[in-house]
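Worth knowing before you read on, the calculation uses all heavy atoms, side chains too, and leaves out hydrogens, waters and symmetry mates.
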Amino acid sequence: MPLPSFAAATAAAAAAPCSVASPPTASSSPQIFNTYLATCLKLRLTSSSVRTLLPFSRRLKARSFLAPVFFRSPTPLPTDMGSNGVLLGKEPDLVLSSSYEAAMKALSSLIGGRKNNVKPPKGKLNAMLDYLKIIGVEKNLIQLNIIHIGGTKGKGSTCTFSEAILRECGFRTGLFTSPHLMDVRERFRINGLDISEDKFLYYFWDCWNILKENVDQNLPMPPLFQFLTVLAFKIFVSEKVDVAVIEVGLGGRLDSTNVVQEPVVCGITSIGMDHMEILGDTIGKIATSKSGIFKPNVPAFTVLQHPDAKLALEERASELMIPLTIVPPLDPKMMRGLTLGLAGDHQFINAGLAVALCINWLQRTGHGELVPQGYPIEELPEAFLRGLSTTSLGGRAQTFIEKNQNSGDLVFYLDGAHSPESMEVCARWFSNTVKEPVRSLTKVMNDHVISSFHNNKHSNEFTRSTMKVLLFNCMEKRDPQLLLPPLINICASNGVHFSKVIFVPSMSVYHRVDSGSSIVIPDSPANLSWQFILQRTWEKLIHEKDFVNGNGSSKQQLDKSLVHEFHTREAMEKCGDVLNDLSCSAVIPSLPLAIKCLRDYVKENPTLSLQVLVTGSLHLVGDVLKLLKK
């Protein structure tokens, strides 16, 4: 007899609650136990009551909705999480949010670079196949009717456009993208929504514990991205999606997602120079790696590419004897007066590829009646228009407005650009957008915040003076001498100049996966050496001064007294004066302090519209969004 759902158990508990002092016996039915469990969760059991439940774990192991969360052996009930969500001591909180923090701690243990993270001797993709076999979904991947998308720029946008189009066509969709901005659940969308916390926990602990029980020296626990990829396939198979849109993580040929052997169609977005230490030092080598997702008998689509990239893609397609179609950008006229859901002219490139992929997917899966025959098509179906115009993706050309009474406007323009090519796109988008007056803020699903910009000739609201600020950070493996010039030159050529540039460390760290609600403030001052290198690079580019040290290195010797100054309490208290300082750049020792500085400044200047471009890192963008939505 099947167990009642957790929701049903909770409702039953509310109607006729069991006595916590009288737990079910070993002969009690599963229904009684599940109702009791729901009551316990509502009342936040003590640890002694929890121990009463443990004898039932073996019987419920494979049947109860909550069994994978709390009872699956050998993983014990977490009681030492401390600040991660479960209280230390005698009475740990047994609520699902506590288990979510435990899941984040478990995920953090998989991040690369740790001693216990050993590469499998059989290779990544063979290991991936074994992981999928262990969790029981290896043979089910073909049922997902996968669209597999790689590239350097725009692959997340193309995936999101594709998912939205097919969802509007009436299909149940799954979308797997990376990285996430604020919460790991963003990587797994079902029908356009981030997976719920309850479902995430259910699938996470199920995969985690099954793998823990079956790994050994020859097949250790997978690293973070591999585990998340396995989890995505588990979720999509279990949720019975009609189509899964899968974004490549890094490269293509050796990427964890390339365990997919029979996608319906493959796509490659614009290819640029990124991850050269892994993929190769030429655009041809990088394109060759990206083309590794091409499969026999599976049509491939791409956009206009650099000649070397185009040649590499064509060579791979020729080897496999598959068609490779080069898709032009979507003609804006085909939108029939609507605008794309993702801002920026470059999105027409991604939208064009998404349209081609969806048309091919519909035709190859027996749904050709939903689209006109032939390609290119002259008119987009209504479902395509709805999908393209309602697509949302945080942290890419996103605008967030803070507007308070008796205060100036504080407008954040957020874009996670972190390569020279994407920085060019970001600069063009920002330059074009700040020329338009801001009228309103519109909130859409998934708590993504998108701003609507419109001309309003009849309002006196936009007589405010404007000031532009750049809030910047990038990872140390990036070269600021390649990232910053496109931003400076394109903005300047459009008459857009920054009054102040603020360099600030991110809050996120590489060895921890945080929950969406957690904001971790470091206990000790951050090491600002990298931020001062970024500042010196900016000053050199702006003022054409040579800050290179004596041995010719681009990583300059730093003025240690400057670093020390920002660690003093007095300097932090004077942070509000940063924007009044006549110097063009500054280093602020923490991101929360930088946001406070900007907020205080608009309060002191109620006739000002402060326009802040946040870019250089998706980690930085995600951290800013966490602080803004706090």
Sequence neighbours excluded, which residues qualify as side chain to side chain contact (heavy atoms under 4.5 Å, CB included) partners of Ala244? Leu144, Ile146, Phe236, Val241, Ile246
4.5 Å side-chain heavy-atom contact, Leu483 and His418: no
What closest approach, in Å, do Ser392 and Arg189 show between heavy atoms, and which atom pair accounts for it? O-NH2, 3.2 Å
Please determine whether side-chain hydrogen bond (donor to acceptor under 3.5 Å, both in side chains) holds for the pair Asn360 and Gln363, giving the CA-CA distance in whole Å, both sets of side-chain angles, and the decisive distance to 0.1 Å. CA-CA 5 Å; Asn360 188 268; Gln363 292 171 341; 4.6 Å; no
Exam field: side chain Glu186 to backbone Asp183, donor-acceptor pair closer than 3.5 Å: yes
Not counting sequence neighbours, which residues clear side chain to side chain contact (heavy atoms under 4.5 Å, CB included) with Asn191? List them please. Arg167, Arg172, Thr173
What residues form a side chain to side chain contact (heavy atoms under 4.5 Å, CB included) with Ala351, not counting sequence neighbours? Phe161, Leu330, Leu340, Leu388
Val245 and Ile149: CA distance, side-chain angles, deciding distance, side-chain contact (heavy atoms from CB on, under 4.5 Å) verdict: CA-CA 8 Å; Val245 183; Ile149 299 175; 4.2 Å; yes
What distance separates Phe472 CZ from Trp538 CH2, expressed to the nearest 0.5 Å? 8.5 Å
Just wondering, are more than 12 heavy atoms of other shown residues or ligands nearer than 6.0 Å to CG in Asn489? yes
Take Asp345 and Asn432 through the test side-chain contact (heavy atoms from CB on, under 4.5 Å) and record every step on the way to the result. CA-CA 10 Å; Asp345 291 342; Asn432 292 332; 4.3 Å; yes
Heavy-atom closest contact (Cys426 atom, Leu613 atom, distance): SG-CD1, 4.0 Å
Taking side chain to side chain contact (heavy atoms under 4.5 Å, CB included) as the test, write out the residues that go with Thr229, two or more places apart. Met128, Phe176, Phe225, Phe233, Ser256, Thr257
Listed partners of Glu168 passing salt bridge (charged side-chain N to carboxylate O under 4.0 Å, His left out), at least two apart: Arg386
Please check this pair: side chain of Lys153 against backbone of Ser422, looking for a donor-acceptor N/O pair closer than 3.5 Å. no
Do the non-hydrogen side-chain atoms of Met334 and Phe384 ever get within less than 4.5 Å of each other? no
Does any N or O in the side chain of Asp308 come within less than 3.5 Å of the main-chain N or O of Thr282, such that one atom is a donor and the other an acceptor? no
Nearest non-hydrogen partners of Glu247 and Cys159, listed with the distance: CB-SG, 3.6 Å
Does the side chain of Phe430 reach to within under 4.5 Å of the side chain of Leu487, using non-hydrogen atoms? no
Within a 6.0 Å radius of atom NE2 on His180, are there more than 12 heavy atoms belonging to other residues, nucleotides or ligands? yes
Would you give the length of the straight line joining atom CG of Asp409 to atom CG of Asn605, rounded to the nearest 0.5 angstrom? 12.0 Å
Nearest-0.5 Å distance that lies between atom CG in Leu370 and atom CD in Glu382: 13.0 Å
Could you give the distance from CG (Leu541) to CD1 (Ile488), rounded to the nearest 0.5 Å? 4.5 Å
If I take atom OG from residue Ser162 and atom CD1 from residue Ile147, how far apart are they, to the nearest 0.5 angstrom? 5.0 Å
Which heavy atom of Leu534 sits nearest to which heavy atom of Pro480, and what is that distance? CD2-CB, 3.6 Å
Smallest heavy-atom separation, Thr160 atom then Gly156 atom, equals OG1-O, 2.7 Å
Taking the side chain as every heavy atom from C-beta outward, state whether Leu627 and Met507 have any atom pair closer than 4.5 Å. yes
Please check if the side chain of Glu539 supplies one atom and the backbone of Arg536 the other of a donor-acceptor pair under 3.5 Å. no
Do Thr302 and Ile271 have side chains that approach each other closer than 4.5 Å (heavy atoms only, starting at C-beta)? no
Would you say Arg185's side chain and Ile195's backbone share a donor-acceptor pair under 3.5 angstrom? yes
Leu618 and Arg396: CA distance, side-chain angles, deciding distance, side-chain contact (heavy atoms from CB on, under 4.5 Å) verdict: CA-CA 9 Å; Leu618 278 167; Arg396 282 80 164 179; 4.1 Å; yes
Derivation of the side-chain contact (heavy atoms from CB on, under 4.5 Å) call for Ser585 and Phe498: CA-CA 9 Å; Ser585 66; Phe498 295 102; over 6 Å; no
Ignoring hydrogens and angles, state whether a donor on the side chain of Asn473 or Ser617 is under 3.5 Å from an acceptor on the partner side chain. no
Which pair of heavy atoms, one from Phe412 and one from Leu598, lies closest together, and at what distance? CE2-CD1, 4.0 Å
Quick one, Gln305 and Ile283 - any side-chain contact, counting heavy atoms below 4.5 Å? no
pair Ser291-Ile268: side-chain heavy atoms closer than 4.5 Å: no
Has the side chain of Asp415 got a donor or acceptor atom that lies under 3.5 Å from a matching backbone atom of Ala397? yes
Using a 6.0 Å cut-off, check whether atom CZ of Arg253 has over 12 heavy atoms from anything other than its own residue. no
Check: Leu380 main-chain N/O paired with Arg336 side-chain donor or acceptor under 3.5 Å: yes
Would you say Ser493's side chain and Ile490's backbone share a donor-acceptor pair under 3.5 angstrom? yes
Indicate yes or no: at least one non-hydrogen side-chain atom of Lys629 is less than 4.5 angstrom from one of Met182. yes
Could you measure the distance from the SG atom of Cys491 to the CZ atom of Arg428? Nearest 0.5 Å is fine. 10.5 Å
Please check if the side chain of Trp530 supplies one atom and the backbone of Cys474 the other of a donor-acceptor pair under 3.5 Å. yes
For Lys310, I'd like to know if atom NZ has over 12 heavy atoms of other residues, nucleotides or ligands within 6.0 Å. no
Steps toward salt bridge (charged side-chain N to carboxylate O under 4.0 Å, His left out) verdict (Lys333, Asp331): CA-CA 5 Å; Lys333 295 178 181 178; Asp331 186 344; 5.4 Å; no
Contacts of Lys596 meeting salt bridge (charged side-chain N to carboxylate O under 4.0 Å, His left out) (sequence neighbours excluded), chain-then-number -> Asp600
